[in-house]
Amino acid sequence: MPEIPERPSLDGLEATWSAEWERSGVFRFDRTKTRAEVYSIDTPPPTVSGQLHLGTVFGYVQVDAMARYRRMSGREVFYPMGWDDNGLPTERRVENLYGVRCNPTLPYEPDLHIEPVERRSRSERPREVSRRNFLELCERQTAIDEAGFESLFRTVGLSVDWQTNYTTISAQSRRVAQQAFLNNFRRGDAYLSHAPTLWDVDFQTAVAQAEVEDRATKSAYVRLLFRAADGSPVEIDTTRPELLPACAAVVVSPEDERYQHLIGTELRTPLFDVAVPVRAHRLAERDKGTGLAMVCTFGDTTDVTWWRELGLPLRVVLGRNGRFQQETPEWLVKADAAYQEVAGKTVFSARARLVELLAEHGDIAGEPRPIEHPVKYYEKGDRPLEIVSSRQWYIRNGAEDESLRARMQANADALVWHPEFMRARLKNWTDGLNSDWLISRQRFFGVPFPVWYSLAADGEPDWDNPILPQPEQLPVDPQADTPDGYTPAQRGEPNGFIGDPDVMDTWATSSLSPQIVCGWGRDEELFSRTFPMDLRPQGPEIIRTWTFSTMLRSLLEFDRLPWGSISINGWILDPDRKKISKSKGNAKDQPADLIAEFGADGLRYWACHAGQGVDTAIDRGQMKVGRRLATKLLNVSRFVLGLLPEAGADHQTTLTPLDLAMLRQLHAVAVQAEADFERNDYRRSLEGAENFFWKFCDDYVELVKARAYGEADGQASAHLALEYGLSVLQRLFAPFLPFVCEEVWSWWQPGSVHRADFPGANSDLARLLASQQPATGADVLDVACETVRAIRRAKTQRQLSMRAAVSAIQVTGPAELVAAVELASVDLRLAGAAAEVGTAAGGTELQVEVEFDGGVHTA
RNA sequence: GGGCGUUUAGCUCAGCGGUAGAGCACUCGGUUUACACCCGAGCGGUCGCUGGUUCGAUCCCAGUAGCGCCCACCA
């Protein structure tokens, strides 16, 4: 038996045991196990964009507790970790950290040395680097960040098999993403389309519906004066006066009697004097503004509908960089001077200038009226989205296909949700889909589309017949690789080819996480043992993205659910209950600092005290409680092990009624803990174990320690019960407090506690209890606890030490309870430091009289 | 505007048809040799509000208010 420290400490357990787990490979996945023996978890790959947030650690610790339970219950847990380093957040981190921007037209500089910049002022221009240099920087920085992530996750005790680690930018992930895309394309589920799309002018990329959010934004109604044919003014409210040069029509509700006479006529726009038709459309609302709406290409998504359904001309004035184009558009040649006032300006400054000009011309009625209204932003962007026409790749998602939507909903219904109410979030999203999934991004650090286009003699690409690679060629980079049948020299030449310049949205890869980790197309043997997966844990904010898209890709590829159940964690809130946003961060609650202060086990205790889907305040008090629990586990383990005989307890011993009662209660707790964990209700499992643990320490151990020392008959029974009690409790806490449990387990048991049997219905304890007398009468432990508490209360009220001598204890009460007291009277006498314990039947409640030298205290 | 969650002791949260629970905080007490990063005892709540169902409601139903999240076509 290893040495038990004289003064056990929690300090350093994280470093000691995480190193030992790595050395022994206790969490290594054994791929010889069958599918039924495996429990596979589709772990979310955290976005690599700097530091891990406390909220991330919070969710992952809960999952780890579930994983550890499954492992202890006999399943082989497939629990890979990944890093989502593919995509815009990573690009943006690199841009900010190094003060660079990618310019794909620049040549590669092999010896370029760029270091992080300390602090860059807003005015300072970023340094432009080539695509290849930029990608190298991304790879370099993600490697640094990922090493930090892994270190923190090891310190917090995640029991992942680090040998199965993956990244979403790796060759393996690119191959899976490209293969899945090609399959989608061949089946007609992926298609190329030229259409207006939401566009971020800063990142200069299209964005998908799922990445768009509404933000309340200050704006103002401006009432413009259009002119009717007879020269009379027609008032139209707009919040986008700068788009007046892009005005293509005016719409009005067909039921609006005020404007019936205008329908079918033309109005002339102020300042630019362009004739635009007045059209009726059901989406025009008579109660908004003056009831007339100015249609511009494009001010908002309703404009897109009007433009399409009314067959309006495309009048584009805004460039992809968010500035008004320099050259005066052909429909404004007569208003060249006016247009040049805004040419080259941003939306913001063009709006100000145009309002000035309109006011000078007397084309504005009244003053602008400030309002606040919802405006669409890219979730990671700072300026409102614009709408531009561009050629983009889409994947069908059911938005325009009711049968696909119905199949998605049927799959969602079949999924097991924790908590159940989160199911509505996905249904909400699926019901509200309004366009297919736009997956192409005009960015750089991502998975390229594995597609080339042939060029005609006139140099025009043939968009309709893309050139595809062979499966064995994947992954390909069409910007660098040449398609079969062409030579590199033909790139960009007439009768040659071009590569698709875009990369896939990060979700287009993340949505394939089960395919990536389970070895789809690479390791079919592994795939058959791990897919479909058992559990998808994740945050609530990515139900519409990750949950939905993973289910979609699995449906399209396999016509099945990718997992059996999904667990949604809650939000982390500031101590004052404000939601912590990722962008704001919260410097004082860095995970590493909290681990240093409360230990990984303390932090984990706090996290595991929160149920799925429950928003939880950052509560240092709870972390302190967790640390105290861990410390208690050290101390009680040391004490109990010190009581046990060198060779261990005699397992043939007949247990005393009190010892038997304690073990029966513990068994009930363990059975319940197992049932809770089977429903993934880790929180209740922890609470049950914790409640019993304090009773075990404060009451049971106190009651039996004298007997365990040998001061009364029944020493062997106490030894046996203490041994089982300690062993079961250490195992019950192991999923939550892995470090301290491994420490105390190592003092007396072989192997890791994390591969020991979780004590449930069929445990070693169950077998021991089956060999003992069945329970009869009142619960001896409960009655003894009640009695001993009464004794303590008497001593406290007399301001005496707990060790103070008592001349006699007299217990009266119902016969059944008194009988139970008698069965534990020796333990009660020793624990109460009493000369004698007497009992008498009578009354309806247990009554304890404590006699001191000089008085009787009744409790 | 639609959906979901939440509202219980000063704080953080359990409970969910049958006399209100935990931890923290607070008060008081304790040299108990496992633990002072400890131990013991105690104070503290008309369970958001209004109706309804029921012998009985914190718990079920309806409505209502505050808070939070998700979704929604920016005139």
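Here is how names work: the chains are called A, B, and so on, in the same order as the sequence lines, proteins then strands, and each is numbered from 1.
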| said: I'd like the P distance from B:G44 over to B:A36, given in whole Å. | reply: 32 Å
| Rounded distance in Å between the P positions of B:A41 and B:C47 | 28 Å
| request: Using the C1' atom as the reference point in each nucleotide, state the distance between B:G17 and B:A9 in Å, no decimals. | output: 23 Å
| request: Rounded off to whole Å, could you give me the CE-to-P distance for the A:Met422 and B:G3 pair? | output: 18 Å
| said: Does B:C24 have its OP1 or OP2 closer than 4.0 Å to a side-chain nitrogen or oxygen of A:Tyr605? | reply: no
| query | CZ of A:Arg683 versus C1' of B:C13: gap in Å, rounded? | reply | 9 Å
| field | N/O donor-acceptor pair, side chain A:Gln209 with base B:A72, under 3.5 angstrom | value | no
| request: Determine the contact category for A:Asn691: base if any of its heavy atoms lies under 4.0 Å from a base atom, sugar-phosphate if only primed atoms, P, OP1 or OP2 are that close, otherwise nothing. | output: nothing
| request: Using atom CD of A:Glu687 as one end and atom P of B:A22 as the other, report the distance to the nearest whole Å. | output: 13 Å
| said: Using a 3.5 Å limit on both distances, find every run of at least three consecutive Watson-Crick or G-U pairs that involves RNA chain B. | reply: B:1-7 with B:65-71, B:10-13 with B:21-24, B:26-30 with B:38-42, B:48-52 with B:60-64
| said: The side chain of A:Val614 is closest to which nucleotide in this list: B:C71, B:A14, B:U33? | reply: B:A14
| message | How many whole angstroms separate atom CD of A:Gln799 from atom C1' of B:G42? | response | 12 Å
| Of the nucleotides B:U12, B:C73, B:A25, which has the atom closest to the A:Lys376 side chain? | B:C73
| query | Does any donor atom in the side chain of A:Glu400 or A:Ser435 lie under 3.5 Å from an acceptor atom in the other side chain? | reply | no
| task | Give the rounded distance in Å between these two atoms: CZ of A:Arg620 and P of B:C37. | result | 19 Å
| How far, in whole Å, is B:C59 from B:G51 if one measures between their P atoms? | 14 Å
| task | Name the closest nucleotide to the A:Gln622 side chain, picking from B:U12, B:C24, B:C74. | result | B:U12
| So does A:Arg803 reach the base of B:U33 with its side chain, donor to acceptor, closer than 3.5 Å? | yes
| message | Please report the distance separating the C1' of B:G45 from the corresponding atom of B:U7, rounded so that it comes out in whole Å. | response | 14 Å
| request: Write down the distance separating the C1' atoms in B:U6 and B:C13, rounded off to the nearest Å. | output: 13 Å
| query | A:Arg789 side chain: which of B:C70, B:A41, B:C73 is closest? | reply | B:A41
| field | B:G15 to B:U32 separation - P atoms, rounded to the nearest Å | value | 39 Å
| task | Would you please say whether a donor-acceptor pair under 3.5 Å links the side chains of A:Tyr605 and A:Glu690? | result | yes
| message | Ignoring hydrogens and geometry beyond distance, is the side chain of A:Lys632 in donor-acceptor contact with the base of B:C35 at under 3.5 Å? | response | yes
| said: We want to know whether A:Ser567 and A:Gln612 form a side-chain donor-acceptor pair, criterion being a heavy-atom distance below 3.5 angstrom. | reply: yes
| said: Is any side-chain heavy atom of A:Glu309 closer than 4.5 Å to one of A:Leu283? | reply: no
| What's the CH2-C1' distance between A:Trp417 and B:C4, to the nearest Å? | 12 Å
